[in-house]
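Mind looking over this structure? Questions follow.
As the structure is a computational prediction, the values presented were derived from the model and not from experiment. Any value given below was found using the heavy atoms of this structure, including those in side chains, with hydrogens, waters and symmetry copies removed.
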Number of protein chains: 2
Amino acid sequence: MAQRSAVTRRAPLSRDRVLRAAVTRADAAGIGSINMRGLAQELGVVPMALYKHVAGKDELLDGMVDLVIGEFEPPAAGPDWKSEVRRRVLSARRAVLRHPWARLAIESRTRRTPAVLGYMDSLAGAFLAGGFSAHLTHHVMHALGNRIWGFTPELFDAPPDADAPAPDPEARAAMAREFAERYPHILQIATAATDGDLSRVGDGCDEQFEFEFALDLLLDGFDRLRVAGWTPGSARSTGSA
Amino acid sequence: MAQRSAVTRRAPLSRDRVLRAAVTRADAAGIGSINMRGLAQELGVVPMALYKHVAGKDELLDGMVDLVIGEFEPPAAGPDWKSEVRRRVLSARRAVLRHPWARLAIESRTRRTPAVLGYMDSLAGAFLAGGFSAHLTHHVMHALGNRIWGFTPELFDAPPDADAPAPDPEARAAMAREFAERYPHILQIATAATDGDLSRVGDGCDEQFEFEFALDLLLDGFDRLRVAGWTPGSARSTGSA
DNA sequence: ACGGTAGGTGTACGGTGTACACCTGTCAAG
DNA sequence: CTTGACAGGTGTACACCGTACACCTACCGT
């Protein structure tokens, strides 16, 4: 009775509980909210206790990314290599979109955990099973780059920029005029992308479309190389002029 | 005499001197060595003095990236859009390779400085002048992604890993065996990439080749879309199955 | 002669990751 | 039942970071 206190004991920590708490916290408050003190407090524990379960913050981040990778759809025997790769990459994308912090975390991580290697291995396997040579598989994976994780490196999107207290329509118009003069080509494609309604320019692009556009462009290019029997010695990398 | 001390006065700081010192320091010791205290000491000044010339660390990083962008070859009227885009992107790549920290800095920066916008604008201009519609220009720039900066997001390369005090050939062989069993496809492409000499697997890929491979693959794909008269309504993004 | 100001100083605060010594409850072996 | 190892939680402390704020000081145009 004295020992087994009636008060419910805190469930003992575990690496898994720590990682899941971190993922939940990051989902809610962003990757910037992940720090040992805050995470420990959330778990009702002193900061240093976490170090019994994760080696340090780096390993914590790695573990969080691994949890996200665990949400990817598993490999399967698709009808053809292209739809299988497409399915898996878009599945990765859905998982990363569920955990918006994962993009930054993946980009900043450098360690190749077993989960990371396993995913890359299964993707490579899809190419190889689809008739790609090992050499070509190597290069096309490089060509995909971070797209295998389901995101394109941001190009145009800027954060909403929580400054500029008063949008002052006069100054705003002047800025727009200066922008149009200095960056006419960006203006031109932004106008096209928003169907002429430039007030929507802050809404960002249709990321999903952009992602699939580039993904399919690459996949189609890969297929052309494969059917053309690409070998390491082919003239120029893609065999064209 | 008392005022104009014979001792040579330190040349007054300036935003430019601060940024150049930071770039030099980062070139020599990596982006991790950039901190206000160390940089100030190098300039023979107290940390807070820097804040008279840069708003804070973020703006410092932005300014450093701008200096690198300043090293890019300027736009020119090339014989065709493809060689012009190719020239500029490969020029960006050379600059980024001269400043290895720039890759990380560019990836982590979110602000679009005039230098960044100017570069993106001139690239967009090359596509538009080459006959791309504004819509298509928008999408192909997304497809290029960070490749416009001259680098592919790292996929395979891991840092040399300064741990593992003794490479212990026995354990090393065991690890290799386990790796081969768990990640057979990665092994297969690594074997191809090193022409069978797996001891070279740590040397990394031929980054230059990988970069141009993917760049040309994308550029060729872009050209196919352009000559096919791609419009926003085309079936699927790339017009193929 | 004087006042404003650009530029450099000094101190201090709140935040971070984590090394290290310590305690404590559990459980298996003696 | 005793004991001792050990996994897991604690408390303190340190070094480092960015930077807010008040200050001082030398210059320069009036």
Separation of dC17(D) P from K57(A) NZ (nearest whole Å):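 Value for this atom pair: 16 Å.
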What about R37(A): does its side chain form a donor-acceptor pair under 3.5 Å with the base of dG15(C)?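 When only heavy-atom distances are counted, R37(A) does not reach the base of dG15(C) through any donor-acceptor pair under 3.5 Å.
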For H142(A) and H138(A), take the angle between the two ring planes, folded into 0 to 90°, and tell me which bin it lands in: parallel under 30, tilted 30 to 60, perpendicular over 60.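 Perpendicular.
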Could you walk me through whether E59(B) and R15(B) satisfy the salt bridge (Lys or Arg N to Asp or Glu O under 4.0 Å) test, starting with their C-alpha distance in whole Å, then the side-chain angles of each, then the deciding distance to 0.1 Å, before giving a yes or no? CA-CA 11 Å; E59(B) 206 202 83; R15(B) 181 182 164 85; 2.4 Å; yes
Flag if over 12 foreign heavy atoms under 6.0 Å of CD, E71(B):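 Yes, enclosed.
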Choose from dT18(C), dT19(D), dT10(D) the nucleotide whose nearest atom is closest to any side-chain atom of M48(B). dT19(D)
Just compare dG17(C), dG18(D), dT10(D) and give me whichever is closest to any side-chain atom of N35(A). dG17(C)
If you restrict it to nitrogen or oxygen atoms, what contacts under 3.5 Å exist between nucleotides 4-7 of chain C and the protein, and what is each distance?
{"from": "dG7(C)", "atom 1": "N7", "to": "K52(B)", "atom 2": "NZ", "distance (Å)": "3.4"}

Salt-bridge contact R182(B)-E178(B) (side-chain N to carboxylate O under 4.0 Å): yes
M36(A) has an atom CE; how far is it from atom C1' of dG11(D), in whole Å?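 M36(A) atom CE is separated from dG11(D) atom C1' by 16 Å.
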Nearest to the V46(B) side chain among dG11(D), dT9(C), dG17(C), which nucleotide is it?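 Ranking dG11(D), dT9(C), dG17(C) by closest atom to the V46(B) side chain puts dT9(C) first.
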So, are E73(A) and R88(A) salt-bridged, with charged N and O less than 4.0 Å apart? no
Row check, F151(B) ring normal vs R93(B) NZ/CZ: under 6.0 Å, within 45°: no
Just the rounded figure in Å: distance from C1' of dT16(C) to CG of D58(A). 13 Å
